[in-house]
Amino acid sequence: MNPSNPSAPPSPAAGPSNFVRDIILEDLQTNKYQGRVHTRFPPEPNGYLHIGHAKSICLNFGLAAEFGGKTNLRFDDTNPEKEETEYVDSIMENVKWLGFDWEDRLFYASDYFGQLYQWAVDLIRKGKAYVCDLTADQVRQYRGNLTEAGKPSPYRDRSTNENLDLFERMKNGEFPDGSRTLRAKIDMASPNLNMRDPVTYRILHADHHRTGSTWCIYPMYDFAHGESDSIEKITHSICTLEFEDHRPLYDWYVEQLGIYHPQQIEFDRLNLTYTLLSKRKLLQLVQNGHVRGWDDPRMPTLSGIRRRGYTPEAIRNFCKAIGVSKTNGSIELGLLEHHVREDLNRRSPRVMAVLRPLRLVIDNYPEGQVEEMEAVNNPEDPSAGTRRVPFSRVLSIEQDDFREDPPKQYYRLSPGREVRLRYGYFVTCTHAVKSPAGEVVEIHCTYDPATRGGNAPDGRKVKSTIHWVSAAHSIDAEVRLYDNLFTKEDPNQTEEGQDFIANLNPHSLEVVAGAKLEPSLAGAAAGSRYQFERLGYFAVDSDSSAARLVFNRTVGLKDAWAKIEKRGK
RNA sequence: UGGGACGUCGUCUAACGGUAAGACUGCGGCCUCUGGAGCCGCGUAUCGGGGUUCGAAUCCCUGCGUCCCAGCCA
């Protein structure tokens, strides 16, 4: 897209149209910011980033990139009680991993504490702010409520000099936490509660992750955010819908101060079915041990889904697909999974793995013989080449791939039936061996030597192809299967007196200890991704070691049989 | 009951006064050495009621519904 000619058709690199993009297009056309597009991604370092933040990151970085603009990474660190460097580090890592680059524009609201303080003093001088001695409880009472106007604080008309003196002494640490605040003098009768003399600075004798004990007063979000945007000459300050009510205050501060005025634009935050996207609640899951950490593969955090095996490309494609609007809705989890499969299908090497092994003996196959069968690494990508997989008389197949009494439409192995062993031979089941308890522990087959590699010279067809590993050559692994963390589409929908914890899915993690893998997987590196044929996409977990391979199921393959079976019930 | 915002297929998004389109899902079929992938086809929507207009998802009025706001959190 050529910024000097915004009406030209979007280039192929252009992002999808949305109302924020339209606003930028128009601003470019009217030369509102001299052709500049400068956005920012402003996380508070009080938790890990999640898929909802990815939407914001893609929007902010994507839009700026499209129009040749810039995006700053700015930590909104004005509340020392909740912020930690661990979160700062994870956030930077996540943004990079997602594929975005803030170059040399890494900022912190705390960088601006000095300027912010000066501006607060300006506000006092202009008679637009005052020091208030009301307690938090009293402030609440004076504020009024949704239908009743508030009443002025008794400290509202203090003299400028007294305000200046008191504010400076607040800064100097002379007063205890909560004893006083600096408030903007606006309108206690405003129907917008945010305009009823909002607190601008509060006293907090807390150690800040960057400024230590330098400050004992900290600016509130509304004051710090817009003024930080102004300092950085942000053009479009994109935030979520709940800040819509704050925009008048955002505007008020920059106007009173007479400084550069960025424009705040609000869009709908991401909601995903069966998922919670609230840092507060995710923190609760971590702290109370409902998951194994911020990067638990069941978590919707970027660290979690990355560990699970999701790719940055898939997430970016998803963010592109969901669009941006002001409608409050919920995206189906299935759409995210669709994009994950789509990306993984293209890039994942195929491999054979048996999750729940069943011993299969080919009675007419020579004892002790081993053949190396050639297998395609990725049918979507011929350049991925082939590999050799050992085949022998005793194999492991999936328990699900044998039924003594096959239901209708079940095409896999059963007594008397012939199937193809992928890249192997056609085999016909002769009989099953059962334990005293009656469970099938071993099945016996005969093979057709003429079908080596998986094709019958006589052209006969089989209804199904199943995967296998050679029992003597396979390697062991632990495989972690994940299901939705919550059982309800909306985890917040609960019975009286309960909270979202009640909707936790007790089966969100299933550990399969005795999986058998083809030997090519030996030494697979943490983070590497594979398709286990017919099962799904799996990624080597960070818990994995050479001695003990651990895989996460990223997402299953679409399963037509599962659907048929489910429908039958 | 004050204020702010939002209502288009099951879900999300487009259509900017001129044939309601796409994606996901679902359902059929084709193809297949993954019941994967791919391909083809089908289905369902403008919140209600008035108005303006040759023509309304779009503009106006009105009603209804949903979300957000009463932190010294962001």
Side-chain angles (χ1 to χ4, degrees), chain A residues 16-18 22 42-44 46 76-79 81-83 132 134-136 139-141 143-150 177-183 190-196 198-204 217-218 220-222 224-225 239-248 266 268 273 279-280 321-339 341-342 345-346 350 352 375-376 379-380 409-412 420-424 426 451 453-456 461-467 531-537 556-564:
Chain A
S17 174
N18 62 61
D22 290 344
E44 185 192 9
N46 67 342
D76 218 332
D77 54 351
T78 57
N79 184 358
E81 295 180 321
K82 292 184 177 172
E83 295 151 7
C132 177
L134 256 25
T135 66
V139 168
R140 191 177 310 124
Q141 278 156 21
R143 185 160 34 225
N145 56 44
L146 295 180
T147 51
E148 286 166 43
D177 288 3
S179 59
R180 282 177 232 262
T181 56
L182 181 73
R183 295 228 260 160
S190 171
N192 182 344
L193 291 304
N194 295 122
M195 301 298 271
R196 319 243 263 226
V199 172
T200 303
Y201 264 91
R202 78 284 214 188
I203 301 173
L204 239 36
I217 56 171
Y218 291 90
M220 296 290 289
Y221 165 85
D222 289 295
H225 199 93
C239 63
T240 45
L241 250 27
E242 69 270 26
F243 292 103
E244 220 148 15
D245 285 339
H246 293 243
R247 179 159 25 100
E266 311 84 13
D268 59 336
T273 58
K279 274 197 270 184
R280 203 203 102 236
I322 59 178
V324 179
S325 73
K326 292 174 77 95
T327 322
N328 242 313
S330 207
I331 308 282
E332 289 172 347
L333 223 209
L335 183 62
L336 211 210
E337 294 183 336
H338 162 79
H339 285 281
R341 287 193 190 97
E342 182 180 71
N345 175 52
R346 271 185 287 126
R350 312 293 125 125
M352 289 197 282
V376 173
E380 305 292 323
Q409 292 184 84
Y410 182 90
Y411 302 142
R412 282 110 92 150
R420 174 188 296 110
L421 294 172
R422 180 99 157 138
Y423 304 124
F426 284 13
T451 58
N455 287 303
K461 302 284 186 200
V462 286
K463 286 283 258 186
S464 100
T465 299
I466 65 175
H467 61 277
Q531 185 198 98
F532 290 179
E533 293 222 25
R534 301 208 308 130
L535 297 176
Y537 298 97
L557 250 24
K558 285 209 275 184
D559 189 342
W561 167 243
K563 202 179 274 186
I564 292 168

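Below, read A as the first sequence line, B as the second, and so on, with proteins coming before strands; counting in each chain starts at 1.
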With a non-hydrogen cut-off below 4.0 angstrom, is [X] in contact with a base, only sugar-phosphate, or nothing?
X: A:Gln409; result: base
X: A:Gln531; result: base
X: A:Val324; result: sugar-phosphate
X: A:Phe426; result: nothing
X: A:Ser330; result: sugar-phosphate
X: A:Glu380; result: base

Taking [atom1] from [X] and [atom2] from [N], how many angstroms apart are they, rounded to a whole number?
X: A:His339; N: B:C24; atom1: NE2; atom2: C1'; result: 7 Å
X: A:Ile466; N: B:U32; atom1: CD1; atom2: P; result: 20 Å
X: A:Ile331; N: B:U11; atom1: CD1; atom2: P; result: 11 Å
X: A:Arg341; N: B:G35; atom1: CZ; atom2: C1'; result: 14 Å
X: A:Leu335; N: B:G10; atom1: CG; atom2: P; result: 17 Å
X: A:Lys558; N: B:U32; atom1: NZ; atom2: C1'; result: 15 Å
X: A:Lys326; N: B:U66; atom1: NZ; atom2: C1'; result: 16 Å
X: A:Asp268; N: B:U11; atom1: CG; atom2: P; result: 15 Å

Can a donor-acceptor pair be found, under 3.5 Å and without considering hydrogens, that links the side chain of [X] to the backbone of [Y]?
X: A:Ser190; Y: A:Asn192; result: yes
X: A:Asp268; Y: A:Leu241; result: no
X: A:Thr465; Y: A:Arg422; result: no
X: A:Glu148; Y: A:Gly144; result: no

Just the table, please: protein N/O against nucleotides 67-74 of chain B N/O, every pair under 3.5 Å.
residue: B:C67; atom: O2'; partner: A:Asn328; partner atom: ND2; Å: 2.9
residue: B:A70; atom: O3'; partner: A:Arg143; partner atom: NH2; Å: 3.3
residue: B:A70; atom: O2'; partner: A:Arg143; partner atom: NE; Å: 3.4
residue: B:G71; atom: OP2; partner: A:Arg140; partner atom: NE; Å: 3.1
residue: B:G71; atom: OP2; partner: A:Arg143; partner atom: NH2; Å: 3.1
residue: B:C72; atom: OP1; partner: A:Arg143; partner atom: NH2; Å: 3.4
residue: B:C72; atom: OP2; partner: A:Arg143; partner atom: NH1; Å: 3.1
residue: B:C72; atom: N3; partner: A:Gly178; partner atom: O; Å: 3.3
residue: B:C72; atom: N4; partner: A:Leu134; partner atom: O; Å: 2.8
residue: B:C72; atom: N4; partner: A:Ala136; partner atom: N; Å: 3.1
residue: B:C72; atom: N4; partner: A:Gly178; partner atom: O; Å: 3.0
residue: B:C73; atom: OP2; partner: A:Arg202; partner atom: NE; Å: 2.9
residue: B:C73; atom: OP2; partner: A:Arg202; partner atom: NH2; Å: 2.8
residue: B:C73; atom: O3'; partner: A:Arg202; partner atom: NH2; Å: 3.2
residue: B:C73; atom: O2'; partner: A:Asn79; partner atom: ND2; Å: 2.9
residue: B:A74; atom: OP1; partner: A:Thr78; partner atom: OG1; Å: 2.6
residue: B:A74; atom: OP1; partner: A:Arg202; partner atom: NH1; Å: 3.3
residue: B:A74; atom: OP1; partner: A:Arg202; partner atom: NH2; Å: 3.0
residue: B:A74; atom: OP2; partner: A:Tyr221; partner atom: N; Å: 3.0
residue: B:A74; atom: O3'; partner: A:Asp76; partner atom: OD2; Å: 3.3
residue: B:A74; atom: N6; partner: A:His246; partner atom: NE2; Å: 3.3

Whole-angstrom distance between B:A37 and B:U13, as gauged at atom C1' = 26 Å
inquiry  = Distance check, P atoms only: B:C12 and B:G17, in whole angstrom units.
reply    =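 Each nucleotide's P atom is 25 Å from the other's.
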message = Using a 6.0 Å cut-off, check whether atom NZ of A:Lys463 has over 12 heavy atoms from anything other than its own residue.
response =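 Not more than 12 within 6.0 Å, no.
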ask   = How close do A:Phe426 and A:Thr451 get, heavy atom to heavy atom, and via which atoms?
value = N-OG1, 2.9 Å
Tell me whether the side-chain N/O atoms of [X] come closer than 4.0 Å to OP1 or OP2 in [N].
X: A:Arg412; N: B:G35; answer: no
X: A:Lys563; N: B:G35; answer: no
X: A:Thr327; N: B:C6; answer: no

message = Could you check whether A:Asn145 and A:Thr147, counting side-chain N and O atoms only, form a donor-acceptor pair closer than 3.5 Å?
response =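 Yes, A:Asn145 and A:Thr147 have a side-chain donor paired with an acceptor closer than 3.5 Å.
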Partner lookup for [N], please. Criteria are Watson-Crick or G-U wobble with both distances under 3.5 angstrom; report none if nothing qualifies.
N: B:C59; value: B:G51
N: B:A21; value: B:U13
N: B:G65; value: B:C6
N: B:C30; value: B:G38

inquiry  = Need the glycosidic conformation of B:G49: syn if within 90° of 0, anti if not. Which one?
reply    = anti
ask   = Between A:Glu244 and A:Lys326, is the closest basic N to carboxylate O distance under 4.0 Å?
value =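 Answer for the salt bridge query: yes.
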